2 protein chains.
Amino acid sequence: MAHSHIDACPGCEVPDLAFAAHDHAHCSADALARAEALVAEKGLRLTPVRRRVLEILLEEHRALGAYDVLTRLAAEGFGNQPPVAYRALDFLEEQGLAHRIRRLNAFTACMHPGEAHAPAFLICRGCNVVAEAPAAPVMAALQVAAGQSGFVIERSTIEALGLCPNCQVAA
Amino acid sequence: MAHSHIDACPGCEVPDLAFAAHDHAHCSADALARAEALVAEKGLRLTPVRRRVLEILLEEHRALGAYDVLTRLAAEGFGNQPPVAYRALDFLEEQGLAHRIRRLNAFTACMHPGEAHAPAFLICRGCNVVAEAPAAPVMAALQVAAGQSGFVIERSTIEALGLCPNCQVAA
DNA sequence: CTTGACATGTTATATTATAACATTTATACC
DNA sequence: GGTATAAATGTTATAATATAACATGTCAAG
């Protein structure tokens, strides 16, 4: 990790800081640093395209469509065909560095890569911000529900659409 | 409702009967009857296309893509353009008679329409059966997680991918 | 310095979804 | 019953999302 995290960034451990004002430059730089460490640790490569896609996703706490990402990549001299974006996004998702938001058919950077988590997402329909929420209790409840019929969960999708605090005020 | 339900159909109140052997003809007829009652109650119309789409979805405890449904409709003399299927599916979803499974970009019939529920889905990757699981505790946990950041949930998607009991044995 | 694995580029196409407008069908009111 | 109105369906066209298949390039191990 790039620095003594907890002291420098109170709230970075709070999952849905995305909705609150925060030092985003720090927030994204930190996620990128963690991502690099993680990838190195696994003996994988954070190539220029992959790294750039992650940076693009980290710019905002929003979800971007694959074609939005692709447009950005193309403008910067990378390939301009869909597989270029999808491959990088798939890699990032497989490594837990990005998440697919199914309700939006879009992708968002993971805000705490490396930490084991099956995240839940809060999607604000006002400002389009996407936040990761603490999902352990949610997952536990889902496991119980599944267990009652002997179903074994391998992957899960937990997403909520609604309004963040700011947008509730605005409305 | 078409009959004295609980006695006649033990297990129909159990959400994930989908994975177990059951009297499916009854199961689907009952869901259809409930759907008709609900729609009538609201002063809406279960037109031939809508009714047929619901019947098609009720044939199996699986999710069908809009184009799968459309192919069936077209073969039966209904329109053969995408909006025909999407409009019927949208209607059914709005009325709580069908659910969209986001992980599959597909739709499945609701197995207990009318009962207030924000369902969780168990999707078996072995046999493709989709079951509705009791989601109240899951939703409660999600509400708590959202509440911590003042987020207000309006709609949610809870889906688990994995293996049903039968397919675990097979593997 | 070459081999093999991985990554990227490229072409083409598949799949999912919606906008916009025309036509038909059902309902409500007179 | 007959007409106005709303609702549903049909149709044309296109948008948005995603992947298959293969060619080319890059990098690291031996």
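Letters A, B, ... mirror the listed sequences (proteins, then strands); counts begin at 1. Keep in mind that what you see is a predicted model, and the values were worked out from it rather than measured.
One can place CG of B/Leu70 at 11 Å from P of D/dG10, the figure rounded to the nearest angstrom. At whole-Å resolution of the value, CG in A/Leu104 and C1' in C/dA17 are 15 Å apart. Per the geometry, CG belonging to B/Leu89 stands 18 Å off P belonging to C/dT15, to the nearest Å. As a whole-Å value, the separation of A/Tyr86 OH from C/dT15 P is 15 Å. The separation between A/Leu44 atom CG and C/dT8 atom P is 12 Å, rounded to whole Å. Here the P atom of nucleotide C/dT8 and the CG atom of A/Asp90 are 12 Å apart, to the nearest Å. Following rounding to the nearest Å, A/Leu73 (CG) and C/dA7 (P) show an atom-to-atom distance of 17 Å. Rounding to whole angstrom units, CZ of residue B/Arg102 and P of C/dA17 are separated by 8 Å.
Formation of a donor-acceptor pair under 3.5 Å by the B/Asn166 side chain with backbone atoms of B/Phe19 is found in this model. The backbone N or O of A/Pro134 lies less than 3.5 Å from no partner atom in the side chain of B/Gln148, so there is not a single donor-acceptor pair. In terms of modelled atom types and a separation under 3.5 Å, the side chain of A/Glu154 and the main chain of B/Leu161 share no donor-acceptor contact. Judged purely by atom type and a 3.5 angstrom limit, A/Glu159 uses its side chain to pair as donor or acceptor with the backbone of A/Arg102. Put simply, the side chain of B/Arg50 gets close to the backbone of B/Arg45: a donor and an acceptor are under 3.5 Å apart.
In this structure the side chain of A/Leu73 reaches within 4.5 angstrom of the side chain of A/Ile56, judged on heavy atoms.
Counted by atom type alone, A/Arg103 and B/Thr157 present one or more donor-acceptor pairs between their side chains at under 3.5 Å.
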Which atom pairs link the protein and nucleotides 28-30 of chain D when you take only N or O atoms and keep those under 3.5 Å?
none

Sub-3.5 Å pairs of nitrogen or oxygen atoms, protein against nucleotides 9-12 of chain C:
| residue | atom | partner | partner atom | Å |
| --- | --- | --- | --- | --- |
| C/dG9 | N7 | A/Arg87 | NH2 | 2.3 |
| C/dG9 | O6 | A/Arg87 | NH1 | 2.9 |
| C/dG9 | O6 | A/Arg87 | NH2 | 3.4 |

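Between B/Thr47 and D/dA7 there is no side-chain N or O to OP1 or OP2 distance below 4.0 Å. The phosphate of C/dT15 has neither OP1 nor OP2 within less than 4.0 Å of any side-chain N or O from B/Tyr67. Note on A/Arg100: a side-chain N or O is less than 4.0 Å away from OP1 or OP2 of D/dA18.
Listed by first and then second residue, the side chain to side chain donor-acceptor pair (under 3.5 Å) pairs that reach into residues 56-66 of chain B are B/His22-B/His61, B/His24-B/His61, B/Glu59-B/Arg72, B/Glu60-B/Arg62, sequence neighbours excluded.
From A/Ile123, atom CD1 reaches atom SG of A/Cys164 across 12.5 Å, with rounding to the nearest 0.5 Å.
Sequence order on DNA chain D of the closest nucleotides to B/Ala88 and B/Asn105 puts B/Ala88 first from the 5' end.
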